[in-house]
Asks: 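Please read through the structure below; I'll follow up with questions.
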Amino acid sequence: MVRVRMAPSPTGFLHIGNVRTALFNWLFARHHGGEFKLRIENTDTSREVVAATEQIQESLRWLGLEWDGDVTFQLDRMADCAALARQLVEEGKAYEDEGATRFRMPDEGVTAWDDAVRGRVEFPNEKLEDLVLVRSDGRPTYNFASPMEDVWDGITHVIRGEDHISNTPKQINLIRAVGAEPPRYAHVSHVLGADGKSLSKRHGSVTVDDFRHQGYYAPALVNFLALLGWSYDDKTTIMSRDELVGRFDLERVVPSPATFDYQKLDWLNGVYLRALSRDDYAEELVRYLRETGHDWDEELVRRSVPIVQEKIERFGQYPDFAGFLFRDVHPEPVLLGGREAVVEAARDALAEVEPFRAEPIEAALRGLAEKLELSPRKAFEPIRVAVTGSKVSPGLFESLELLGKDETLRRLTAAVAVA
RNA sequence: GGCGCAUUCGUCUAGUGGCCUAGGACACCGCCCUCUCACGGCGGCGGCACGGGUUCGAAUCCCGUAUGCGCCUCCA
């Protein structure tokens, strides 16, 4: 039975690179019908740790990466680690050194393993320094606690970041010293930012929370992340969660680092959003707006779905794109391009439209353009600006219908007055 | 500095010795569609880091160089 774990340190919010590692673990576990455990590598119990721990779980939940069983904490195994350290000292495998306990690494030969992503990796043992197991204050170190917990938890595959490669030979020797069999290791590469540096808090939007607030859709983010360092074949990009689970395997994970490409994520997110049913889209959009503090008329938000779904690729773009439906606009006079006369004529023409629906509105405005001997493009621009405040907006006729006759006429009048 | 890992279009990748005059996707450019934007359609630009081997034949195997990254903490 396959059992893997995600073992983040609760020093901050869940970082997108670690999320990708978590996803690989989760996919691997689900693919093999195994278990995915969540273990917090805490060494203290400060308030920040509690908050980060909560945040990590919330992020995983949002992404749909459910873990199996209870969350475990490294701190809870302090006593076990201490006891094991004493035993290793008694067996002569470790020794006291300035109050700390150190493990004797072998001096000759090599320590090697067959990495599921990189193939055989080996380190000359003479380069391995004796590892501190327990600090002089009694707390176990990460390099002691983590591999021991892997043993105690029956972890079969350790899928983690490549920054742990150098730790691996030490952990393998430790695991063998306690008479256990090392798990299979898979070291996945890092995720880099657009500048080629490892993604971190200093590089903009990198926590799961940030993606959520920018209006990304979790299934799209999962699909995108899965493709960072893994591929199914030479042409498949869009894959559902189930397809990902069915197809994922470590053999196809590449060892080289991947740069996070926001443009591709945006495109993929757009693909997902466009594929949603009207109702599902509305649900997600309403929830997003509520979460980000936009207290807008839900009914109107829902009615706007047909005119925005094809147009934006992130929910985060909605406030800018469709906000004119919910708040007054103040068009820059310069944007009207000196076509106040058109705006005024449009107001008069629209005043006659009844019912105030997209079709008759379109007929009226196209008729107006023809009468003024203007191309639709030229004629509609100042109207669009006057009503939406921008040269870019959802379809004009549908927008006017949603806005309503009174408000439309009011805005057209106001624009003429300002200009 | 030592040890380790990595290196195919700008980006993500396919490729495991002949199928490769290197395929796909995003981005970019052009055209079409069109009320703006977007979607969609069509076309285009663009890459095996470098140098040696091995082989009838190398993006694919070996060695070296360069570059990037990681670790070298009583951090995780």
Side-chain angles (χ1 to χ4, degrees), chain A residues 7-12 18 40-43 74 97-102 115 117-119 121-124 126-129 131-146 160-170 187-192 194 196-198 224-238 251-252 254-268 270-271 274 307-313 317 321 361-362 365-366 369 374-385 388 390-400:
Chain A
S9 63
T11 49
N18 290 78
I40 305 294
E41 305 272 347
N42 64 330
T43 47
Q74 186 173 82
D97 172 38
E98 293 189 31
T101 307
R102 280 185 184 269
D115 197 282
V117 171
R118 285 150 212 279
V121 180
E122 53 181 55
F123 283 77
E126 57 180 326
K127 299 294 178 186
L128 268 30
E129 293 201 350
L131 182 70
V132 172
L133 302 180
V134 181
R135 301 175 176 90
S136 45
D137 68 1
R139 289 151 56 223
T141 60
Y142 163 81
N143 271 316
F144 179 38
S146 185
R160 62 192 353 179
E162 65 172 323
D163 48 315
H164 289 288
I165 291 178
S166 305
N167 291 326
T168 305
K170 302 174 192 171
H187 288 95
V188 305
S189 61
H190 286 159
V191 177
L192 311 177
K197 298 231 169 81
S198 223
F224 177 78
L225 252 19
L227 258 15
L228 233 42
W230 175 82
S231 65
Y232 173 59
D233 59 17
D234 60 338
K235 48 196 57 164
T236 308
T237 300
I238 312 295
E251 306 307 309
R252 293 190 63 83
V254 295
S256 49
T259 302
F260 195 98
D261 183 357
Y262 280 88
Q263 287 184 309
K264 188 161 185 176
L265 203 215
D266 285 349
W267 165 78
L268 191 60
V271 170
R274 272 176 253 122
I307 67 172
V308 300
Q309 188 169 7
E310 282 274 314
K311 306 276 189 174
I312 61 177
E313 47 194 7
Q317 296 166 329
F321 192 65
I361 289 171
E362 175 168 5
L365 292 182
R366 286 195 186 282
L374 288 169
S375 67
R377 176 188 300 255
K378 280 287 180 193
F380 299 163
E381 183 174 287
I383 302 171
R384 184 190 310 281
V385 168
T388 72
S390 168
K391 292 171 96 162
V392 176
S393 79
L396 182 58
F397 321 122
E398 294 79 5
S399 292
L400 298 189

Asks: Describe the nucleic acid contact of A:Pro394 in one word from base, sugar-phosphate, nothing, applying a heavy-atom distance below 4.0 Å.
Replies: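 Touches a base.
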Asks: For A:His164 and B:A76, are the ring centres under 5.5 Å apart with planes inclined under 30°?
Replies: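 Yes; centroid distance and tilt both under limits.
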Asks: With rounding to the closest Å, how many angstrom separate the P atoms on B:U8 and B:G68?
Replies: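 Going atom to atom, P in each nucleotide, I get 15 Å.
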Asks: Could you check whether A:Ser166 gets within reach of a base, just the sugar-phosphate, or nothing at all, counting any heavy atom under 4.0 Å?
Replies: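 Since a base atom lies under 4.0 Å of A:Ser166, the category is base.
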Asks: For the side chain of A:Asp115 and the backbone of A:His187, is there at least one donor-acceptor N/O pair under 3.5 Å apart?
Replies: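 Yes; at least one donor-acceptor contact below 3.5 Å.
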Asks: Is it true that a side-chain atom of A:Ser390 and a backbone atom of A:Ser393 form a donor plus acceptor pair closer than 3.5 Å?
Replies: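 Answer holds: no.
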Asks: So what does A:Ala258 touch, heavy atoms closer than 4.0 Å: a base, only the sugar-phosphate, or nothing?
Replies: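 Answer is sugar-phosphate: A:Ala258 comes under 4.0 Å of backbone atoms only.
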Asks: Taking any strand in view, what nucleotide pairs with B:G40 in a Watson-Crick or G-U wobble way, both distances under 3.5 Å?
Replies: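 Answer to the pairing question: B:C32, which forms a Watson-Crick or G-U pair with B:G40.
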Asks: As a test of understanding, state which of A:Ile383, A:Ile307, A:Ile361 forms a side chain to side chain contact (heavy atoms under 4.5 Å, CB included) with A:Leu396.
Replies: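 In the set A:Ile383, A:Ile307, A:Ile361, the residue that makes a side chain to side chain contact (heavy atoms under 4.5 Å, CB included) with A:Leu396 is A:Ile383.
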Asks: Could you check whether A:Val134 gets within reach of a base, just the sugar-phosphate, or nothing at all, counting any heavy atom under 4.0 Å?
Replies: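 No contact at all - A:Val134 keeps every heavy atom at 4.0 Å or more from the nucleic acid.
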Asks: Could you go over nucleotides 24-26 of chain B and give all protein N or O partners under 3.5 Å, atom names and distances?
Replies:
{"unit_1": "B:A25", "atom_1": "N3", "unit_2": "A:Lys264", "atom_2": "NZ", "d": "3.3"}
{"unit_1": "B:C26", "atom_1": "O2'", "unit_2": "A:Lys264", "atom_2": "N", "d": "3.3"}

Asks: Under 4.0 angstrom, heavy atoms only, what part of the nucleic acid is A:Phe397 near: base, sugar-phosphate, or nothing?
Replies: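 Answer is base: heavy atoms of A:Phe397 come under 4.0 Å of a base.
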Asks: Given B:C72, B:A14, B:A76, which nucleotide is nearest the side-chain atoms of A:Arg135?
Replies: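 Per side-chain heavy atoms of A:Arg135, the pick is B:A76.
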Asks: At under 4.0 Å between heavy atoms, what does A:Arg102 touch on the DNA or RNA strands: base, sugar-phosphate, or nothing?
Replies: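 The answer is sugar-phosphate, as A:Arg102 gets under 4.0 Å only of primed atoms, P, OP1 or OP2.
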Asks: So A:Leu396, base contact, sugar-phosphate only, or nothing? Heavy-atom distance under 4.0 Å.
Replies: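 It contacts base atoms.
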Asks: Find the distance A:Leu128:CG to B:C72:P and express it as a whole number of Å.
Replies: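 Interatomic distance, CG of A:Leu128 to P of B:C72: 13 Å.
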Asks: Need one value for A:Asp266: base, sugar-phosphate or nothing, where a base atom within 4.0 Å counts as base even if backbone is also close, heavy atoms only.
Replies: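 No contact.
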Asks: Can a side chain N or O of A:Arg139 be found less than 4.0 Å away from OP1 or OP2 on B:C74?
Replies: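 It does not, given that no N or O in the side chain of A:Arg139 lies less than 4.0 Å from OP1 or OP2 of B:C74.
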Asks: Under 4.0 Å, counting only non-hydrogen atoms across every strand here, what does A:Val385 touch: a base, just sugar-phosphate, or nothing?
Replies: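 Contact class for A:Val385: none.
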Asks: Whole-Å distance between B:G68 C1' and A:Glu162 CD?
Replies: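 Between C1' of B:G68 and CD of A:Glu162: 11 Å.
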Asks: Tell which nucleotide pairs with B:C26, taking only Watson-Crick or G-U wobble pairs whose two distances are both under 3.5 angstrom.
Replies: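 Per the H-bond distance test, B:G10.
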Asks: Measuring only the C1' atom in each nucleotide, how far is B:A49 from B:C69? A whole number of Å is fine.
Replies: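 So the two C1' atoms sit 16 Å from each other.
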Asks: How close or far is atom P of B:C5 from atom CZ of A:Phe123, stated in whole angstroms?
Replies: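 Checked: the CZ to P distance equals 6 Å.
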Asks: Determine, stepwise, if the pair A:Arg135 / A:Asp137 fulfils salt bridge (Lys or Arg N to Asp or Glu O under 4.0 Å).
Replies: CA-CA 5 Å; A:Arg135 301 175 176 90; A:Asp137 68 1; 5.2 Å; no
Asks: Let me know the distance between CD of A:Glu398 and P of B:A38, rounded to the nearest Å.
Replies: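 After rounding, the gap between these two atoms is 17 Å.
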Asks: What's the closest nucleotide to the A:Pro255 side chain, out of B:U7, B:C37, B:C74?
Replies: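 Among B:U7, B:C37, B:C74, the one nearest the side chain of A:Pro255 is B:U7.
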Asks: So, is A:Arg377 close to the B:U34 phosphate, meaning a side-chain N or O under 4.0 Å from OP1 or OP2?
Replies: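 For B:U34, neither OP1 nor OP2 has a side-chain N or O of A:Arg377 closer than 4.0 Å.
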Asks: Show your working on side chain to side chain contact (heavy atoms under 4.5 Å, CB included) between A:Arg118 and A:Ser189 and close with a plain yes or no.
Replies: CA-CA 10 Å; A:Arg118 285 150 212 279; A:Ser189 61; 4.0 Å; yes
Asks: Side chain of A:Lys127 only, heavy atoms from C-beta on: which candidate in B:A76, B:G2, B:C37 is closest?
Replies: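 So the side chain of A:Lys127 is nearest to B:G2.
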Asks: For A:Ser136 and A:Glu98, run side chain to side chain contact (heavy atoms under 4.5 Å, CB included): C-alpha distance rounded to whole Å, both residues' side-chain angles, the deciding distance at 0.1 Å, then the answer.
Replies: CA-CA 7 Å; A:Ser136 45; A:Glu98 293 189 31; over 6 Å; no
Asks: Name the pairing partner of B:U16, where a pair is Watson-Crick or G-U wobble with both distances under 3.5 Å, or state none.
Replies: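 Its partner: none found.
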Asks: Considering only B:C39, B:C74, B:C35, which nucleotide approaches the side chain of A:Arg274 most closely?
Replies: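 Closest of the options to the side chain of A:Arg274: B:C39.
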Asks: Hey, does A:Arg252 reach any base, or is it just sugar-phosphate, or nothing, if we go heavy atoms under 4.0 Å?
Replies: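 Sugar-phosphate contact only - A:Arg252 comes under 4.0 Å of backbone atoms but never of a base.
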Asks: Answer with yes or no whether A:Arg118 presents, from its side chain, a donor or acceptor under 3.5 Å of a partner atom in the base of B:C5.
Replies: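 No pair found.
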Asks: Would you measure the distance from the P atom in B:G64 across to the matching atom in B:C72 and give it in whole Å?
Replies: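 That atom pair is separated by 26 Å.
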Asks: For B:U60, what is the paired nucleotide under Watson-Crick or G-U wobble rules, both distances under 3.5 Å?
Replies: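 None - no nucleotide pairs with B:U60, as no candidate has both distances under 3.5 Å.
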Asks: Between A:Lys170 and A:Phe144, does a side chain to side chain contact (heavy atoms under 4.5 Å, CB included) hold up when you go through it step by step?
Replies: CA-CA 9 Å; A:Lys170 302 174 192 171; A:Phe144 179 38; over 6 Å; no
Asks: Kindly say whether, by distance alone, the side chain of A:Ser136 makes a donor-acceptor pair under 3.5 Å with the base of B:C74?
Replies: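 Indeed, a donor on one side and an acceptor on the other fall under 3.5 Å apart.
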Asks: Can you tell which of B:G40, B:C37, B:G70 lies closest to the side chain of A:Val392?
Replies: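 Among B:G40, B:C37, B:G70, the one nearest the side chain of A:Val392 is B:C37.
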Asks: Which nucleotide sits closest to the side chain of A:Ile165: B:G4, B:C37, B:A14?
Replies: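 Between B:G4, B:C37, B:A14, the one nearest the side chain of A:Ile165 would be B:G4.
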Asks: Among residues at least two apart in sequence or on other chains, which ones pass side-chain contact (heavy atoms from CB on, under 4.5 Å) with A:Lys127?
Replies: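 Partners of A:Lys127 under the side-chain contact (heavy atoms from CB on, under 4.5 Å) test: A:Pro124.
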Asks: Rounded to the nearest Å, what distance is computed from the CG atom of residue A:Asp233 to the P atom of nucleotide B:U13?
Replies: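 So the two atoms are 14 Å apart, to the nearest Å.
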Asks: Rounded to whole angstroms, how far apart are CZ on A:Phe380 and C1' on B:C37?
Replies: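 So the CZ-C1' distance, A:Phe380 to B:C37, works out to 15 Å.
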Asks: Mind checking ring pair (Phe, Tyr, Trp, His ring centres under 6.0 Å) for A:Phe224 and listing every partner two or more places apart, or none if nothing turns up?
Replies: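 So A:Phe224 forms a ring pair (Phe, Tyr, Trp, His ring centres under 6.0 Å) with A:Phe260.
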Asks: Check whether any side-chain N or O of A:Thr141 sits under 3.5 Å from a backbone N or O of A:Val132 as a donor-acceptor pair, and report yes or no.
Replies: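 It does hold such a pair.
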Asks: Is the number of heavy atoms from other residues, nucleotides or ligands within 6.0 Å of OH (A:Tyr142) greater than 12?
Replies: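 Yes, OH of A:Tyr142 has more than 12 neighbouring heavy atoms, counting only those of other groups under 6.0 Å.
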Asks: For A:Gly229 and for A:Lys170, locate the closest nucleotide of RNA chain B by heavy-atom distance; then report the residue assigned to the nucleotide nearer the 5' terminus.
Replies: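 Between the two, 5'-proximity favours A:Gly229.
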Asks: Partner lookup for B:C71, please. Criteria are Watson-Crick or G-U wobble with both distances under 3.5 angstrom; report none if nothing qualifies.
Replies: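 Base partner found: B:G2.
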Asks: Paired with B:A49: which nucleotide, if any, by Watson-Crick or G-U wobble criteria at under 3.5 Å for both distances?
Replies: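 B:U65 - that is the nucleotide pairing with B:A49, both distances being under 3.5 Å.
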Asks: Which part of the nucleic acid, if any, lies within contact of A:Glu362, taking any heavy atom under 4.0 Å across all strands shown: a base, the sugar-phosphate backbone alone, or nothing?
Replies: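 Answer is nothing: A:Glu362 stays at 4.0 Å or more from every strand.
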Asks: Quote, to the nearest angstrom, the C1' distance that separates B:G46 from B:G51.
Replies: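 The same atom, C1', in both gives a distance of 25 Å.
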Asks: Which whole number of Å gives the distance between the C1' atom of B:U60 and that of B:A14?
Replies: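 Nearest-Å result for B:U60 against B:A14 at atom C1': 13 Å.
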Asks: Could you tell me how far apart A:His190 (NE2) and B:G70 (P) are, to the nearest whole angstrom?
Replies: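 The distance from NE2 of A:His190 to P of B:G70 comes to 7 Å, rounded to the nearest Å.
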Asks: Could you check whether any side-chain N or O of A:Thr168 sits under 3.5 Å from a backbone N or O of A:His164, counting only pairs where one atom can act as donor and the other as acceptor?
Replies: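 Yes, A:Thr168 side chain to A:His164 backbone: donor-acceptor pair under 3.5 Å.
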Asks: Provide, to the nearest angstrom, the distance between the CG atom belonging to A:Leu192 and the P atom belonging to B:C69.
Replies: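 Atom CG in A:Leu192 sits about 9 Å away from atom P in B:C69.
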Asks: For the side chain of A:Ser231, counting heavy atoms from C-beta on, which of B:A76, B:C74, B:A14 is nearest?
Replies: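 Among B:A76, B:C74, B:A14, the one nearest the side chain of A:Ser231 is B:A14.
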Asks: Considering every strand and a 4.0 Å limit on heavy-atom distances, what is the contact class for A:Asp97: base, sugar-phosphate, or nothing?
Replies: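 The residue A:Asp97 makes base contact.
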